[in-house]
> 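Input: one structure, supplied below.
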Number of protein chains: 2
Amino acid sequence: MLSKKTKYGLKALTFIVNSAGDNPVQVSAIAKNEQIPQKFLESILLTLRKAGVLGSKKGKHGGYYLRQDPADILMTEVMRVLEGPIAMVPCVSLNYYEKCDDCVDEDTCSVHKLMIQVRDSALNVFRNTTLADLAVKKTENIVK
Amino acid sequence: MLSKKTKYGLKALTFIVNSAGDNPVQVSAIAKNEQIPQKFLESILLTLRKAGVLGSKKGKHGGYYLRQDPADILMTEVMRVLEGPIAMVPCVSLNYYEKCDDCVDEDTCSVHKLMIQVRDSALNVFRNTTLADLAVKKTENIVK
DNA sequence: TATTAATCCTATCAATTTAATAGGAATTAC
DNA sequence: GTAATTCCTATTAAATTGATAGGATTAATA
């Protein structure tokens, strides 16, 4: 299952893209519009900022903003920050590899083989989707 | 993350395929060879039996066996039984659809769009992989 | 410079899920 | 009838998730 953290995070990022002014977007505005508990959202945006996806400005008229063009922000990065490894098992993770304690031989493990395929198919989606793609509205989508 | 339940279940099914005799395979044998807690494994195999993937024979010389040719058992079925819905969010699930309470319009939801792609890519793997594929050993794999 | 509005930080909590264990009932082979 | 096996229900410990609480810090501006 996708965690609420990730779901909220993706919605928040999309909202920021679509609030396209030069001013930072406030947590309260996002929370209200996307129906997200504000305090929870605060912690999520903080995570995204620490990961370098978002920048922030403190104090009055502060808020969050993107640090790159949305077309340059890949879902691989966003998903890893919010949801953790893309692989479903550590033994097929590119960025967080760990050997299974129970598995004698990775090369003959049936789970390993299957999970590599699942990982690659997910990677294929995330590598080819940017935040800009997510933020495209439906009408724009149709026009394309 | 893949649950241990699913991991153990996949390993157990593979083990049964590779124990290819006509006799049912005992839980104790699987548990021992695959390093799975026996009581936990019992409950997993019971689930697979109730779902129709495995058959069982009680009493002395009893055990579990496949009800179909491994080449006819798709990962879509196995994964749904063990891990639950393939979709990461209920609102894109083919078999367990549920509307999000927070989401106003599915058609414009950025999460929805992305998760449909992820679901389809996973389905593509699971629909094209059978238990027989999982159970192929490495050497056989190379020979192909 | 005082006030207000925002992010930042740490801690805590309740609910849920997961992984595992326990104990025995039912069934079957021999 | 005994031994070996699956079947069933209940319980539990640990981990994770989702959310809340309270205040510290920072910056704009009146």
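Since this is a predicted model, take the numbers as computed values, not measurements. Quick note on labels: first sequence line is chain A, next is B, and so on, each numbered from 1. Just so you know, these numbers use all the heavy atoms, side chains as well, and skip hydrogens, waters and symmetry mates.
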> Can you see if the side chain of A/His61 gets near the phosphate of D/dT29 - specifically, an N or O under 4.0 Å from OP1 or OP2?
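The answer is yes; a side-chain N or O of A/His61 sits under 4.0 Å from OP1 or OP2.
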> Mind calculating the distance between NZ (B/Lys57) and P (D/dC7) to the nearest angstrom?
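Value for this atom pair: 13 Å.
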> What is the distance from CE of A/Met1 to P of C/dA15, rounded to the nearest Å?
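It works out to 19 Å between those atoms.
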> Taking NZ from A/Lys7 and P from D/dG18, how many angstroms apart are they, rounded to a whole number?
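Those two atoms, NZ and P, are 10 Å apart.
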> With respect to the phosphate group of D/dT6, does any side-chain polar atom (N or O) of B/Lys60 fall under 4.0 Å of OP1 or OP2?
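Checking D/dT6 against B/Lys60, no side-chain N or O comes under 4.0 Å of OP1 or OP2.
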> How many Å lie between CD on B/Gln35 and C1' on C/dA19, as a whole number?
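My rounded result for the distance is 17 Å.
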> Let's test your reading of the model: under 3.5 Å, does the base of D/dG22 pair with the side chain of A/Lys39 as donor and acceptor?
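Answer yes: a donor N or O sits under 3.5 Å from an acceptor.
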> Measure from the side chain of A/Lys4, starting at C-beta and using heavy atoms only, and say which of C/dA19, D/dA19, C/dC8 lies closest.
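It is D/dA19.
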> So, the side chain of B/Lys113 versus the backbone of A/Leu134: is there a donor-acceptor pair under 3.5 Å, distance only?
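Yes.
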> Within this structure, what is the CD-to-C1' distance between B/Glu42 and C/dT21, rounded to whole angstrom?
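The distance from CD of B/Glu42 to C1' of C/dT21 comes to 11 Å, rounded to the nearest Å.
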> Between B/Tyr8 and C/dA20, is there a contact of a side-chain N or O with OP1 or OP2 at under 4.0 Å?
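Yes, within the criterion.
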> Among D/dT6, C/dA20, D/dG18, which nucleotide sits nearest the side chain of A/Phe40?
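Nucleotide nearest to A/Phe40's side chain: D/dG18.
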> Checking the side chain of B/Arg119 only, and the main-chain atoms of B/Ser93 only, is there a donor and an acceptor separated by less than 3.5 Å?
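Here the side-chain-to-backbone pair does not exist.
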> For C/dC9 and A/Lys50 - does any side-chain N or O of the residue sit under 4.0 Å from the phosphate oxygens OP1/OP2?
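Looking at the OP1 and OP2 atoms of C/dC9, one of them is under 4.0 Å from a side-chain N or O of A/Lys50.
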> Heavy-atom distance under 4.5 Å between the side chains of B/Tyr64 and B/Arg49, does that happen here?
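Yes, close enough: below the 4.5 Å cut-off.
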> Would you tell me if any nitrogen or oxygen in the side chain of B/Arg49 comes within less than 4.0 Å of OP1 or OP2 on D/dC7?
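For B/Arg49, the contact criterion (side-chain N or O under 4.0 Å from OP1 or OP2 of D/dC7) is met.
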> Does B/Tyr64 place a side-chain N or O at less than 4.0 Å from the phosphate oxygens OP1/OP2 of D/dC7?
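For B/Tyr64, the contact criterion (side-chain N or O under 4.0 Å from OP1 or OP2 of D/dC7) is met.
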> Determine whether B/Leu66 and B/Leu13 make a side-chain contact, defined as any pair of heavy atoms from C-beta on separated by less than 4.5 Å.
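Result yes, sub-4.5 Å side-chain heavy-atom pair found.
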> Tell me, which of residues 25-33 of chain A have any heavy atom that sits under 4.0 Å from an atom in DNA chain C?
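Of all residues in residues 25-33 of chain A, the ones placing a heavy atom under 4.0 Å from DNA chain C are A/Gln26, A/Val27.
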> Taking only the side-chain nitrogens and oxygens of B/Lys58, find out if one of them lies under 4.0 Å from OP1 or OP2 of C/dA25.
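Indeed not, no polar side-chain atom of B/Lys58 lies that close.
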> I want to confirm an ordering. Mapping A/Gln38 and B/Gly59 to their closest nucleotides on DNA chain D, which one lands closer to the 5' end?
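Result of the comparison: B/Gly59.
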> Would you kindly give the CD1-to-C1' distance between A/Ile44 and D/dT17, to the nearest whole Å?
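Rounded to the whole Å, the gap is 11 Å.
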> Is the shortest side-chain heavy-atom distance between B/Gln117 and B/Val92 below 4.5 Å?
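They are not in side-chain contact.
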> With a cut-off of less than 4.0 Å, is there a side-chain N or O of B/Ser56 near OP1 or OP2 of D/dC7?
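Yes, within the criterion.
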> Would you say B/Asn128's side chain and B/Val125's backbone share a donor-acceptor pair under 3.5 angstrom?
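Pair absent, no side-chain N/O of B/Asn128 close to backbone of B/Val125.
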> To the nearest Å, give me how far apart OH (B/Tyr65) and P (D/dT6) are.
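One finds 12 Å between P of D/dT6 and OH of B/Tyr65, rounded.
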> Checking A/Glu83 now: which residues fulfil salt bridge (charged side-chain N to carboxylate O under 4.0 Å, His left out) with it, not counting sequence neighbours?
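In terms of salt bridge (charged side-chain N to carboxylate O under 4.0 Å, His left out), with neighbours along the sequence ignored, A/Glu83 is linked to no residue.
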> When the distance from CG of B/Asn23 to P of D/dT6 is rounded to whole Å, what number comes out?
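In whole Å, D/dT6 P lies 13 Å from B/Asn23 CG.
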> Atom OG of B/Ser43 and atom CD of B/Gln38: how far apart are they, to the nearest 0.5 Å?
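If I round to the nearest 0.5 Å, the distance is 11.5 Å.
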